[in-house]
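Here the structure comes first, spelled out in structure tokens, and everything after it is commentary.
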Amino acid sequence: MFYLSEIEHKLRLPPHLLNLPLNEAIKGELEGLFVDKVIANLGLIISIYDVRSIDDGFIYPSEGASTYMVKFRLVVFRPFVGEVITAKLKESKAEGLRLSLGFFDDIYVPAPLLPDPSRSEPDPENKNQVRWIWKFDELDYPIDGVDEIRFQVHNVSYPSMPLEQDKDSKPFAPMVIKGSLDADGLGPISWWI
């Protein structure tokens with residue numbers, strides 16, 4: 001789920017940061033550039049782990065900023081296919097579920113990947129949503145958002161950024177996880193206790 005990835009980056013350090021110790025100034029700039037961003041095929045950057053090396057302190061003509069070649073390691077969130085993760089229910093619609101880890105909200109479980117047989121019915125507490133119910137041995141097991149939900153990662157995708165976006169469309173998600181609840185041990189934790 002979490003990895004260390006090493007990256008090399010050419011970093012321009014603004015002049016107002018030159019009064020700080022070099023490592024501190026560079027780490028602060030790297031955090032502003034990378035933390036809470038998604039790098040395609042790498043994942044969501046959680047933090048800068050450490051700075052491995054700082055080379056080439058050049059000041060280019062007509063610039064007051066110094067430029068460094070920096071090697072550093074990042075803590076990256078990138079789940080693998082088949083991994084089982086625990087999340088909270090964020091949204092329940094006719095198309096399926098949307099789950100959240102707290103720091104990442106673009107996890108979707110489409111209706112075909114819910115336990116079979118499942119059905120949806122209007123949610124009495126929230127008129128804009130539905131409540132999914134799994135029927136097993138003549139008993140109904142609701143997915144109501146009270147418990148944490150275990151899901152299995154079905155795939156991780158990095159959609160390309162749209163050139164134009166409708167005003168009323170949902171915000172662009174640079175990393176999307178599709179999950180499944182259709183296996184033993186998956187779903188709300190209370191189902192299996």
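The first residue in the sequence is number 1, and the count goes up from there. Note that the structure is a prediction, hence the values are computed from the model and not measured.
Residue K10 comes nearest to M69 through the heavy atom pair N-SD, 3.9 Å, listed as atom of the first residue, atom of the second, then distance. For A25 against L20, the heavy-atom pair with the smallest separation is CB-CB, 4.1 Å. When all heavy atoms of P79 and M175 are compared, the closest pair comes out as CD-CE, 4.5 Å. When all heavy atoms are compared, the tightest approach of L186 to F151 is CD2-C, 4.1 Å. Counting all heavy atoms, side chain and backbone alike, V109 lies closest to L113 at CG1-O, 4.1 Å. In plain terms, the two heavy atoms of P115 and W191 that are nearest each other are CG-CZ3, 3.9 Å.
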Notebook entry, point to check: Is there a side-chain contact (heavy atoms from CB on, under 4.5 Å) between L33 and L11 once you walk through the steps?
Noted result: CA-CA 10 Å; L33 285 172; L11 180 70; 3.5 Å; yes

Note to self: One pair to check against salt bridge (Lys or Arg N to Asp or Glu O under 4.0 Å): D50 and K27. What are the steps and the verdict?
What the structure shows: CA-CA 8 Å; D50 64 0; K27 191 170 183 180; over 6 Å; no

Item checked: L97 and L114: CA distance, side-chain angles, deciding distance, side-chain contact (heavy atoms from CB on, under 4.5 Å) verdict -> CA-CA 9 Å; L97 305 175; L114 290 170; 3.7 Å; yes

Next item on the list: Kindly determine whether E121 and R131 satisfy salt bridge (Lys or Arg N to Asp or Glu O under 4.0 Å), including the steps that lead there.
Entry: CA-CA 5 Å; E121 60 184 37; R131 185 163 58 173; 3.5 Å; yes

Next item on the list: Apply side-chain contact (heavy atoms from CB on, under 4.5 Å) to the pair M1 and I85, showing each step before the final yes or no.
Entry: CA-CA 9 Å; M1 181 184 320; I85 301 174; 3.9 Å; yes

Next item on the list: Could you check I54 against L22 for side-chain contact (heavy atoms from CB on, under 4.5 Å), going step by step and ending with a plain yes or no?
Entry: CA-CA 9 Å; I54 302 169; L22 187 59; 4.1 Å; yes

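Relative ring orientation between F34 and H9 is described as perpendicular, the plane-to-plane angle rising above 60° on a 0-90° scale split at 30° and 60°. Note: F103 and F2 have tilted aromatic rings, judged against thresholds of 30 and 60 degrees for the angle between ring planes.
Proximity of V70 to V51: side-chain heavy atoms (C-beta onward) are separated by under 4.5 Å at one or more points. Put simply, the side chain of I7 reaches to within 4.5 Å of the side chain of F72, judged on heavy atoms.
Separating the CG atom in L99 from the OG1 atom in T86 is a distance of 10.5 Å, to the nearest 0.5 Å. Within the model, atoms NE2 of H154 and OG of S180 stand 6.5 Å from one another, a figure rounded to the nearest 0.5 Å. Within the model, atoms OH of Y108 and CZ of R98 stand 4.0 Å from one another, a figure rounded to the nearest 0.5 Å. Interatomic distance, S118 OG to L181 CG, rounded to the nearest 0.5 Å: 8.0 Å. The structure places OG of S92 at 7.0 Å from CG of D123, a figure rounded to the nearest 0.5 Å. Remark: D106 CG to I177 CD1 distance equals 8.5 Å, nearest 0.5 Å.
Panel note: side chain E83, backbone F80; a donor-acceptor pair is recorded below 3.5 Å. Of the possible polar contacts, none joining the S47 side chain to the Y49 backbone as a donor-acceptor pair under 3.5 Å is found.
Linking ILVMFWY side-chain heavy atoms closer than 4.5 Å, directly or via other members, places L30 and F77 in two distinct hydrophobic clusters. Each of L42 and I107 belongs to its own hydrophobic cluster when Ile, Leu, Val, Met, Phe, Trp and Tyr are linked at side-chain heavy-atom distances under 4.5 angstrom. Hydrophobic clustering, with ILVMFWY side chains joined whenever heavy atoms are under 4.5 angstrom apart, keeps W192 apart from V84. V153 and V38 fall within the same hydrophobic cluster, where Ile, Leu, Val, Met, Phe, Trp and Tyr residues are linked whenever their side-chain heavy atoms come under 4.5 Å apart, directly or through other members. Under the 4.5 Å side-chain contact rule for hydrophobic residues, V75 and I48 do not share a cluster.
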Donor-acceptor pairs under 3.5 Å, side chain of residues 136-148 to any protein atom, not counting sequence neighbours: which ones?
unit_1 : atom_1 : unit_2 : atom_2 : d
D140   : OD1    : R119   : NH1    : 3.4
D140   : OD2    : R119   : NH2    : 3.1
D144   : OD1    : V146   : N      : 3.2
D147   : OD2    : S190   : N      : 3.4
D147   : OD2    : S190   : OG     : 2.3

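Within 6.0 Å of the NZ atom in K37, the count of heavy atoms belonging to other residues, nucleotides or ligands exceeds 12. Other residues, nucleotides and ligands place no more than 12 heavy atoms under 6.0 Å from the NZ atom of K71. Dense packing is recorded around OH of Y3, with more than 12 heavy atoms of other residues, nucleotides or ligands lying under 6.0 Å away.
Taking the charged nitrogens against the carboxylate oxygens, R12 and E29 have no contact shorter than 4.0 Å, which rules out a salt bridge. Under a 4.0 Å N-O distance rule, the pair K93/E91 qualifies as a salt bridge.
Aromatic ring centroids of F58 and Y68 lie 6.0 Å or more apart.
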